Each structure stands twice: as C-alpha cells, then as structure tokens.
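Just so we're clear, the structure is a prediction, and the values are computed from it rather than from any experiment. This chain uses plain numbering: 1 for the first residue, then up along the sequence.
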Amino acid sequence: MNRRLALQIIDCLRVAGPAESDFDDLKTWDRPSWLAMLPWLHTSGLALYLLRTLRNRGQEDLLPSDIRRRLEFDQANNERRVAAMAEEFATLNRCFENAGIRYAALKGFALIPDYSPDASLRTQADFDYLIAPESQSQAEQALRAAGYLRQNRDDCNVRVFFHSARPLRIPASDDDLYCADLPRRLELHTALWDAGPESIHPRSLGT
C-alpha cells in the first residue's frame with residue numbers, strides 16, 4: 001500500500017470538506033499505483049465513498065479508466081446486495097414483531113443517514129439486534145421458524161449467531177464483498193457491551 005496516496009484519498013473524503021488541492025494531488029498517480037491501492041480501498045471500506053465523491057465533482061477521470069470501471073461494477077453489485085439485505089432486514093423486523101419480541105436494530109441500516117448518507121456505500125455483512133436476555137429463547141424459536149439456523153454462541157453468552165440456510169463462506173475476492181449472493185449472518189445481542197476477555201469494560205474507560 002502506498003501510504004502517501006492513502007493519506008491523499010483520506011484528505012479527499014474529509015467530512016469537513018476537502019480542498020481543491022487534495023484532488024489535484026490525485027492527478028499525479030499512475031495506473032500501477034492505483035491498482036496497488038485497490039485491496040486497501042476495499043478492505044478500508046472507502047472504495048465506493050471515493051467513487052461517489054469523484055462522481056459528485058465530475059472528476060471520475062482522476063481514476064484510470066479500468067480502475068473507474070471496476071469501482072462502478074462494485075457499486076452496481078453493492079446496490080443489488082443492499083437491496084436484498086433491506087428486504088431481509090424488513091423480514092427480520094416482522095419476524096420479531098409478530099413474535100411480540102421487543103428489539104433494537106444495531107449498526108447496519110440503523111446508521112443511515114447519520115453515519116453514512118447511503119447504505120449502498122457500505123459493505124454490510126450481517127444484521128445485529130439487541131433483545132432482552134429473557135427474550136432469547138423466544139427469539140431463537142422465531143428465527144428457526146423463519147428459516148435461520150443456530151451457528152454458535154460466543155464465549156460470554158452475549159450473542160447468539162445465526163445464518164440463513166445457505167452455508168456461510170469467506171469471500172474469495174474483493175468482488176465478493178459486494179456480491180448479493182454472499183450469505184449474511186445475524187447476531188442477537190443481550191447486552192450493549194460485550195464483556196469478553198479481549199473487550200474493554202466500561203468501568204475501565206475512566207481509569
């Protein structure tokens with residue numbers, strides 16, 4: 001990864017607004033430099049944000065043509081993925097509501113538009129729900145009836161993981177991150193804070 005180019009990309013995505021010179025800096029990079037940056041752009045979650053920013057400014061030509069086409073392909077795939085996930089999200093909400101389970105959606109779609117202006121810019125991989133501990137058994141039954149399977153429980157019994165009937169798989173390439181067919185996981189949380197051995201406990205934050 002080219003650290004200098006990475007920092008220039010981050011400058012262009014500043015919430016406070018980039019300077020014109022930030023985009024001028026991007027003009028100095030050649031195709032091999034951009035090609036080498038693609039894995040970082042995808043894993044950092046900034047690839048589609050960069051494309052959107054350049055599109056809004058009419059400056060997509062700052063990207064080499066094949067890099068731009070690749071990001072446009074990923075954006076189109078991610079829009080299909082987000083549409084499929086939005087349908088599944090609505091189904092899950094109805095599942096809990098029909099079972100009379102009180103819940104709160106965490107992260108994901110719940111972050112739109114406060115955290116991100118558009119869900120299709122993010123690479124969401126799962127669904128997270130907060131429920132009362134006493135509702136866990138009822139929630140599991142409702143999810144099984146909806147076609148979800150129990151996968152495992154974490155060490156602290158804070159979350160129960162589910163996945164749809166399709167087996168989970170690790171993305172084989174960066175393209176897979178945006179694929180609508182990549183299976184999603186569902187996590188049930190019974191506490192806002194995971195008190196696992198590698199987690200920071202809230203009481204320690206002020207010490």
Side-chain angles (χ1 to χ4, degrees), residues 41-49 51-52 73-200 202:
L41 277 171
H42 291 305
T43 56
S44 67
L46 297 180
L48 304 184
Y49 284 97
L51 177 65
R52 177 180 183 267
F73 174 82
D74 291 334
Q75 177 66 64
N77 267 350
N78 205 47
E79 289 172 1
R80 287 189 287 271
R81 176 173 174 78
V82 167
M85 292 191 72
E87 291 183 7
E88 187 172 1
F89 181 62
T91 298
L92 289 167
N93 293 343
R94 288 194 299 270
C95 176
F96 291 133
E97 290 162 4
N98 292 340
I101 298 167
R102 297 180 64 187
Y103 68 91
L106 306 176
K107 305 186 292 183
F109 290 109
L111 299 177
I112 309 300
D114 297 314
Y115 176 81
S116 175
D118 187 337
S120 70
L121 297 174
R122 302 187 66 246
T123 50
Q124 182 177 339
D126 58 12
F127 302 97
D128 293 83
Y129 286 91
L130 176 67
I131 61 171
E134 58 269 22
S135 298
Q136 185 168 295
S137 176
Q138 186 181 3
E140 290 188 28
Q141 292 176 14
L143 288 169
R144 280 196 294 268
Y148 284 79
L149 306 174
R150 173 75 170 272
Q151 184 180 358
N152 60 24
R153 182 189 295 269
D154 76 350
D155 293 338
C156 299
N157 296 333
V158 174
R159 289 173 290 190
V160 177
F161 301 88
F162 287 81
H163 59 77
S164 60
R166 287 182 300 171
L168 292 174
R169 64 179 176 84
I170 298 173
S173 69
D174 290 334
D175 285 340
D176 263 357
L177 294 174
Y178 310 101
C179 179
D181 294 330
L182 190 68
R184 277 85 68 174
R185 188 174 66 182
L186 185 154
E187 298 183 11
L188 288 182
H189 300 251
T190 54
L192 274 175
W193 196 274
D194 296 350
E198 298 180 358
S199 300
I200 300 174

Looking at [atom1] of [X] and [atom2] of [Y], how far apart are the two atoms once the value is rounded to the nearest 0.5 Å?
| X | Y | atom1 | atom2 | answer |
| --- | --- | --- | --- | --- |
| R144 | L149 | CZ | CG | 9.5 Å |
| N98 | N93 | CG | CG | 10.5 Å |
| D118 | R52 | CG | CZ | 6.5 Å |
| M85 | R184 | CE | CZ | 5.5 Å |
| D128 | K107 | CG | NZ | 4.0 Å |

* Asked: Looking at R80, E79, Q75, which one forms a side chain to side chain donor-acceptor pair (under 3.5 Å) with N77?
  ->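 Among R80, E79, Q75, the one meeting side chain to side chain donor-acceptor pair (under 3.5 Å) with N77 is R80.
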Nearest atoms (heavy-atom pairs only) where [X] meets [Y]:
| X | Y | answer |
| --- | --- | --- |
| A139 | F96 | CB-CE2, 4.1 Å |
| A119 | F109 | CB-CE2, 3.9 Å |
| L121 | L48 | CD2-O, 3.7 Å |
| C95 | A142 | SG-O, 3.4 Å |
| D126 | E187 | OD2-OE2, 3.3 Å |

* **Q138 (side chain) donor-acceptor with I101 (main chain) under 3.5 angstrom** =>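 No, the answer is negative, given that no donor and acceptor are paired below the 3.5 Å cut-off.
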* Do the side-chain N and O atoms of Y49 and S116 include a donor-acceptor pair separated by under 3.5 angstrom? ->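 The answer is yes; a qualifying pair exists.
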* Assess the side chains of N78 and R81: does a donor N or O sit below 3.5 Å from an acceptor N or O? =>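 Checked: N78/R81 side chains show no N/O donor-acceptor pair below 3.5 Å.
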* Side chains of L143 and L188 in contact at under 4.5 Å (non-hydrogen atoms) ->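 Of all side-chain heavy-atom pairs linking L188 with L143, at least one is under 4.5 Å.
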* L92 vs Y103 side-chain heavy atoms within contact, under 4.5 Å ->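 The answer is no; the side chains never approach within 4.5 Å.
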* Do the ring planes of F127 and F89 sit parallel (below 30°), tilted (30 to 60°) or perpendicular (above 60°)? ->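 The rings of F127 and F89 lie parallel, inter-plane angle below 30°.
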